[in-house]
Amino acid sequence: MKREKATTLYIGPQHPGITGNMMVRLKVEGDTIVGARTEVGYLHRAFEKLVERRNWVQSFTMMCRFCVPEPDPVEESYARAVEMLDNIEIPERAKWIRVLVLELARISSLLLWHAGQGHSLGLYTMGQWSVGDRNYILDLFEDLTGARIYHMFIWPGGVRRDFPKGFEDKVLKTMDYLEKRLEDYDNLLFENSIFQKRTQGVGYVNPEKVIEHGVVGPVLRGSGIKSDIRIDDPYEVYDKLKFEVPTQTGSDIWARALVRRVEIRQSIRIIRQVIEKIPKGDVYTKVPNPQKWKIARGDAFARTESVRGEVGMYVASDGGAKPRRVHFRGAAYVHAVTLLEEVLIGQNIADVSAIMNSLGTCPPEIER
Amino acid sequence: MESLLMNILGAVTTFLLAFAVGMTYGGLRRKIVARVQNRYGPPFYQNFIDAFKLYSKSTAIHHGAMHFLGPAFIMVSSVVSLMFIPVLTNNQWFPNLNFQGDLIFLIYIMVFGPLGMALGAGQTGNPNSAIGVTRGLSQMVGFEIPWVMALIALMVQYKTTSITGLLDIQVQSGHWFMFENPFAFSAAILASLGMFRYSPFDIVGAPTELASGPMSENGGKFLFVMMSSGSVFAFVKLTLIVDLFMGGASNLIILVIKTFLLYMIPVTYGIVSPRYRTEQSITYFWGWPLFFGLIAIIYAVFF
Amino acid sequence: METLLEKIKDRVNANFDLKDYKIYTDLKRVDLFFNKEHIPSVLLYLKEQMGFRHLMHMSVVDWIEEGEFEIIFFLWAPKEKVKIFVKTRIDRDNPVMENMDNIWPQLNTYEREFKEMYGIEFPGLVAPEEFILESWSGPPPMRRDFETDKYAKDNFATRPGREDAQDVRETIAKRSGEDIPDFAKKYSR
Amino acid sequence: MYNDKNKQKIVDIIKNAARKHSLWVLAYGTGCGAIEVPATMTSRYDAERLGVRGAATPRQADVLLITGYLTVKTLKRVIRVYEQMQDPKYVIGFGSCTINGGMYFDSYNTINQLDLYLPVDVYISGCMPRPEAVLEGFGKLQELIGKGIANGAQQYKENLDFYRENQKKVIKNWDFQDYNW
């Protein structure tokens, strides 16, 4: 077999199968990958440099742009880190609204994952359905925050505004609709024998390696370890909510898909609980005038569970009106370069896109 | 002399008909797929617009002679196979070149197109094209075997290797071969799923894997030729199955109904299926389709 | 909780030369300060002996006034559910830090980034030269003395008429010949 | 070929009518705007009914959608991709950051003004533009094509020196081949 000369195959940056704008350079023998190298940096906007020139509240508009498919956990991390630094206590209702927003963001991101996973394996109908249904979640966001994608809603001191009139009913209606649609998704994707054949045993990651590389979220849960920041290190009001953390032991694409299949249902469950239990009250604490807001020297690290794993925000202050350092820990940062290169070796080139989707590779949060 | 002119005119008419029907079917497929996906979808004539636009694009980039000939080979293969297929039964407007043994010739000429494309794609130097071609040829090994077996079964059963002959037997007896030898029909239909290259057998041009494979270096007029020959070829395949198994068609309406129903099989299967991997696809064809093919031959020999 | 954090601190202190520490009880967080040469052994000890298996993050802060880079490792113990921030300082003019990607393979990515963004040298780091930037010739961009706005102004042209953050509605109205409605004039800057 | 409407030949009118109803968009998500492209293509907005459709490789594509900010590293790839596309080709600048840098006006790694490096036919403003805005952008492009004045590619060819000079100023490792088709 060694006679075959390895071909270099570029997946990306312009390639329909790549998630976002990055590149994987593959060495291919026949259909098998013998070497892989990730190249990132196509989306580097230097956010962490730019916040040095912006004050605490101005920086907050940058946060949602760190990760495009799921901006809210990043906002949440930043807001919580700043609150830790300045010892701001936020009202109880704001915490519940934050949980609602985070879970809605999870659902929207999971629907996008359904689309990506289906699309990467050639099941375009799945993508069309779930991206279409995602519009209903975005409608809720639009109602609540005024924007479809970049909400800038969770900010230091609480959330920007209270529910609009009749919002709770709309949320519940959307959840009912979504649950009905999830049955269709089951029929189309999870009970599809070809999908099962394409995913079972593909993209296997050794669980030991998952821990070593610091990869968390569905990848870790798909390899049999129960870990979720919402339970391990609860923030906001997650300790008052009931939900399950699914685990699977296959550690392949199929296991991760099953984990995510349950997760979207758990998010719906959480949203129902939030609507039921949410208390009345204010939604934000008054923060100082943004132009004059100075925060005492110190640092804080806040992390939030997103669909792709934990996202964290390290914020250091030097006592001034602008952050000294804001460093974002993307969920994909730890695996998209080192782990992906190892996982791809020995796989079929047909599965590259599916593996990247399954791991949750998200280039904007790698490069920031 | 006059009859030669008529024949040429008829051949052109046949080609235009095949082109129009193939393109319209492609457009209808897009519409149907869109409706399943909860969309409005493009108009059914969208494919004609696309084809004309592709034709009007400039083609300044080329990779040598073979690259030019690749699409031409596919077109030749489609058109030549079209010429051997009786579009309608007993109609002088659609003459065809028939001789004893044309079915065997057809088996060969239908493979000619993909081989030509392989030559053309090889010269572009694009690794995606090369891998796509390799996949296409391996997949062809998969579906050609049951397909050929189904045809052999018919040839053995009715002792003729002429398409017209097979068609005449059906017309005279009034029995369609899809009921006479259902195993051969099943094998042929399952094999034709692969020939159409829709999901789950779209492994050749799989966009998320190979960025449209052998087509990735072909734009503009190249793509126009490929697209139109693909449409013609779709018509060829549908009509051939109709001729061989469903008793042909005595007028155009019946032809359209029969071919459209046949066409819906790969289309509906494709809407809800992800893509197979290459080896999975071959395994698929060497499973039930091959089994049906074997049974068909046994049935043809002993009954 | 407090006793647990104290215990962790004491156990580390018993084995290593702890420079300083800080305990935040409500955040379940211990900050440990070390000299730079102790860091690899401390990290290995924390990971292998004390169950801090998960490296959440690694970060660098540029304290330009003090002439130092602060390097921080964020560790998490899944069992005890405690965070440890291991901090150290290195010289800003001659930034060298031990390469530790054999402890956690993910550190390879971080180190590549910091090498590029801060110019910190990690001897023995196996990685291609470029990570995010491409043929970058200026100073490492994340250092505080690099001025990004000046660089942007020098290299990237700005569309004329938009140099400041002034209201552009009047300009647009003049260009297109439309009148600004009265209610909108009220909000003009 | 790309004259103004008064001089448009009948052939061109037919060609342009076909072109405007068949816009194949290159699947290249250069920035964060790429998240709204799937939404534009799917059920609620369904750009395919207007003839807008994805194309996998530059050779097959008509429209290059620059979805948002361009870093210097991406700009190089984008120019390459643009030059590989075949005439007639159109560029849509998507989002505020392509117009004037948007919120990244002071970033050291993103360009501010796209039309210095590539000829832009239509800009869509917003951060990020909603799918309705994207559809309107496509509508505008169709209108321009119908009138025969979406001649960005022609402009690029004629002013190649100007564009090359700007590109070389930003892209340090310049290694492009001549653009002569």
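Naming: A, B, ... by sequence-line order, numbering from 1 per chain.
Remark: side-chain polar atoms of D:Arg59 are not paired, donor with acceptor, to backbone N or O of B:Leu223 under 3.5 angstrom. Using a distance-only test at 3.5 Å, with no hydrogens or angles considered, no donor-acceptor pair links the side chain of D:Lys15 to the main chain of B:Lys57.
Neither the backbone nor the side chain of D:Leu23 comes within contact range of chain B, judged by heavy atoms closer than 4.5 Å. Only the backbone of B:Gln37 comes within less than 4.5 Å of a heavy atom in chain D; its side chain stays farther off. With a threshold of 4.5 angstrom between heavy atoms, B:Ile49 approaches chain D through its backbone and through its side chain.
Remark: D:Lys20 pairs with no residue by the side-chain hydrogen bond (donor to acceptor under 3.5 Å, both in side chains) rule, at least two apart or across chains. With sequence neighbours excluded, no residue forms a side-chain hydrogen bond (donor to acceptor under 3.5 Å, both in side chains) with B:Thr134.
Contacts from residues 36-49 of chain D to chain B, taken as heavy-atom pairs separated by less than 4.5 Å, involve D:Met41, D:Thr42, D:Ser43, D:Asp46, D:Glu48, D:Arg49 in sequence order.
Within a 6.0 Å sphere centred on NZ of B:Lys31, other residues, nucleotides and ligands contribute more than 12 heavy atoms. Annotation for D:Glu132: atom CD counts as buried by contact number, over 12 foreign heavy atoms lying within 6.0 Å. Residue B:Tyr55 qualifies as open at atom OH: its count of foreign heavy atoms under 6.0 Å is 12 or below. Atom CZ of B:Phe48 is surrounded by more than 12 heavy atoms from other residues, nucleotides or ligands within 6.0 Å. Crowding of B:Tyr45 atom OH: a count of heavy atoms from other residues, nucleotides or ligands under 6.0 Å not exceeding 12.
Of the inter-residue distances, the one linking B:Lys53 atom NZ with D:Ile145 atom CD1 reads 10.0 Å to the nearest 0.5 angstrom. Taking OG of B:Ser58 as the reference point, atom CE of D:Met85 lies at 11.0 Å (rounded to 0.5 Å). Taken from CD in D:Gln86 to CZ in B:Phe222, the straight-line distance is 8.0 Å, to the nearest 0.5 Å. In this structure, the separation between CG on B:Asp50 and CZ on D:Arg19 is 13.5 Å, given to the nearest 0.5 Å.
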Give the table of side-chain donor-acceptor pairs shorter than 3.5 Å for residues 68-75 of chain B, with sequence neighbours excluded, one pair per line with atom names and distance.
none

